[in-house]
Amino acid sequence: MLRAPLVGLAALGLLAATAGPALAVSQKLRWKFDSVSAVVTTVADDSGKGHTGTAVSANGGQITAVSPGRDGIGKAVQFPAVCAGTCPRAQITSPDAADLNPGTALFSYGAWLNVTLAELTSDHGSNVFQKGSSETSQWKLQVDDAVAGRPSCITREAGGLNSKKALSSVGVADGSWHKVTCQRTATDLQILVDNVVRGSVTVPAAYVINPTGMPVTLGARSTGTNGDQYHGRLDDIYYNLD
């Protein structure tokens, strides 16, 4: 894999924004949403690996298709709006699969986000894309910073131990589309915003990220109380394993 040259170019801001990871041959999951219904029920996996997404909701929550998507021609998805009290909740989920558990391998995952500061709230987190929980091994992308709208990448080893966090130095909550990528290199967990490295944290080579038995979730960690509902729009979700 040509990981090091790609990271170097990204750090210099020389890569053009693309639909997903630069090396599609390693792609294990991709949800483009271009074929979803107006009220989303299922999402096809455009990587061809069969990781179909299923919409799950509570309290009347819905995930709806919006047009255009981040590319100006396709579709994206909108999650339930911010509210107080007993609120609509919704997420997209896909079952556990071995190729979504990276172990010590280099991998990357991310999404195109379109969110405003008004859609972020200090009442709860805004979980975008994850596998695993705070009590298990995990990889996650979130936008929990409701003041500056800075996204972050989180990883954990078994039992939720040895948490690592790469926090972006720039925000994305301006109502425009931004590509946010989390990637593990030979030495670091990095977060990229629009293909520029904006934060990193050292990760040892023996660090194991293996959320076996856990589903993939998009837009929230759950549809239960305190499920960290994301309230903005998402498009072109991807996961690569090298």
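Atom OG1 of Thr116 and atom CG of Asp174 lie 9.5 Å apart (nearest 0.5 Å). Atom CD1 of Ile237 and atom OG of Ser47 lie 13.0 Å apart (nearest 0.5 Å). Atom-to-atom distance recorded for Phe79:CZ and His231:NE2 is 11.0 Å, nearest 0.5 angstrom. The distance from atom CD of Gln27 to atom CG of Leu241, rounded to the nearest 0.5 Å, is 12.0 Å. A distance of 5.0 Å separates CD1 in Ile154 from OG in Ser163, rounded to the nearest 0.5 Å. Summarising the geometry, atom NZ belonging to Lys164 is positioned 15.0 Å from atom OG belonging to Ser152; distances are rounded to the nearest 0.5 Å.
Residue pairs meeting the ring-ring contact (aromatic ring centres under 6.0 Å, His included) criterion with at least one member in residues 179-216: none, sequence neighbours excluded.
Counting only distance, with no hydrogens or angles, the side chain of Gln130 and the backbone of Thr217 share no donor-acceptor pair below 3.5 Å. Of the possible polar contacts, one joining the Asp71 side chain to the Ile73 backbone as a donor-acceptor pair under 3.5 Å is found. A donor-acceptor pair under 3.5 Å links the side-chain atoms of Gln91 to the main chain of Ala220, judged by distance alone. Ser94 contributes a side-chain N or O that, together with a main-chain N or O of Thr52, makes up a donor-acceptor pair within less than 3.5 Å. For the pair Asp34 (side chain) and Lys75 (backbone), a donor-acceptor distance under 3.5 Å is present.
Side-chain atoms of Leu100 and Phe107, non-hydrogen and from C-beta on, never get closer than 4.5 Å to each other. By the 4.5 Å heavy-atom criterion applied to side chains, Arg156 and Leu161 are not counted as neighbours. Proximity of Arg184 to Ile209: side-chain heavy atoms (C-beta onward) are separated by under 4.5 Å at one or more points. A 4.5 Å side-chain heavy-atom check between Val115 and Tyr230 finds at least one atom pair inside the cut-off. A heavy-atom distance below 4.5 Å is found between the side chains of Pro151 and Val180. In this structure the side chain of Val172 reaches within 4.5 angstrom of the side chain of Val193, judged on heavy atoms. Counting heavy atoms from C-beta on, the side chains of Trp31 and Ile92 come closer than 4.5 Å. In this structure, Gln190 and Val201 have side chains that are not in contact, with every pair of non-hydrogen atoms separated by 4.5 Å or more.
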Show, in sequence, the C-alpha distance, side-chain angles and deciding distance for Asn240 and Ser26, and conclude whether the side chain to side chain donor-acceptor pair (under 3.5 Å) test is met. CA-CA 5 Å; Asn240 270 10; Ser26 65; 3.1 Å; yes
For Asn195 and Lys179: C-alpha separation, side-chain torsions, deciding distance, then whether side chain to side chain donor-acceptor pair (under 3.5 Å) applies. CA-CA 7 Å; Asn195 294 312; Lys179 180 186 176 186; 3.2 Å; yes
Could you go through Leu113 and Val143, starting from their C-alpha distance and side-chain angles, then the distance that decides it, and tell me whether this counts as side chain to side chain contact (heavy atoms under 4.5 Å, CB included)? CA-CA 10 Å; Leu113 286 71; Val143 193; 3.5 Å; yes
Could you go through Lys140 and Lys165, starting from their C-alpha distance and side-chain angles, then the distance that decides it, and tell me whether this counts as side chain to side chain contact (heavy atoms under 4.5 Å, CB included)? CA-CA 10 Å; Lys140 177 171 69 166; Lys165 180 177 182 178; over 6 Å; no
As a quick check of understanding, evaluate side chain to side chain contact (heavy atoms under 4.5 Å, CB included) for Leu189 and Thr155, giving each step before the final call. CA-CA 8 Å; Leu189 173 66; Thr155 59; 3.9 Å; yes
Can you check side chain to side chain contact (heavy atoms under 4.5 Å, CB included) on Ser126 and Gln142, steps first, answer last? CA-CA 6 Å; Ser126 294; Gln142 63 185 23; over 6 Å; no
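For Asn114, the side-chain hydrogen bond (donor to acceptor under 3.5 Å, both in side chains) test picks out Arg233, with sequence neighbours left out.
Of all heavy-atom pairs between Val216 and Thr93, the closest is O-OG1, 3.0 Å. Taking each heavy atom of Leu167 and Ile191 in turn, the nearest pair found is C-CG2, 4.0 Å. The two residues Val56 and Thr223 have their closest heavy-atom pair at O-CG2, 3.5 Å. When all heavy atoms of Ser137 and Asn210 are compared, the closest pair comes out as OG-N, 2.7 Å. A pairwise comparison of heavy atoms in Asp235 and Arg70 identifies OD2-N, 2.9 Å as the closest pair. Scanning both residues, Leu141 and Cys182, for their nearest heavy atoms gives CD1-SG, 4.0 Å.
Between Phe129 and Trp139, the ring-plane angle classifies as perpendicular under the 30° and 60° cut-offs.
Salt bridge Lys131/Asp96: present, at least one basic N to carboxylate O contact under 4.0 Å. Remark: Asp228 engages Arg221 in a salt bridge, criterion side-chain N to carboxylate O under 4.0 Å. Taking 4.0 Å as the cut-off between side-chain N and carboxylate O, Asp236 and Arg30 count as a salt-bridged pair.
By the criterion of side-chain heavy atoms lying less than 4.5 angstrom apart, applied directly or through intervening Ile, Leu, Val, Met, Phe, Trp or Tyr residues, Leu117 is grouped together with Val128 in one hydrophobic cluster.
Between the side chains of Thr64 and Gln78, no donor-acceptor pair is found at a separation under 3.5 Å. For the 3.5 Å distance criterion, the side chains of Thr181 and Tyr238 qualify, holding a donor opposite an acceptor.
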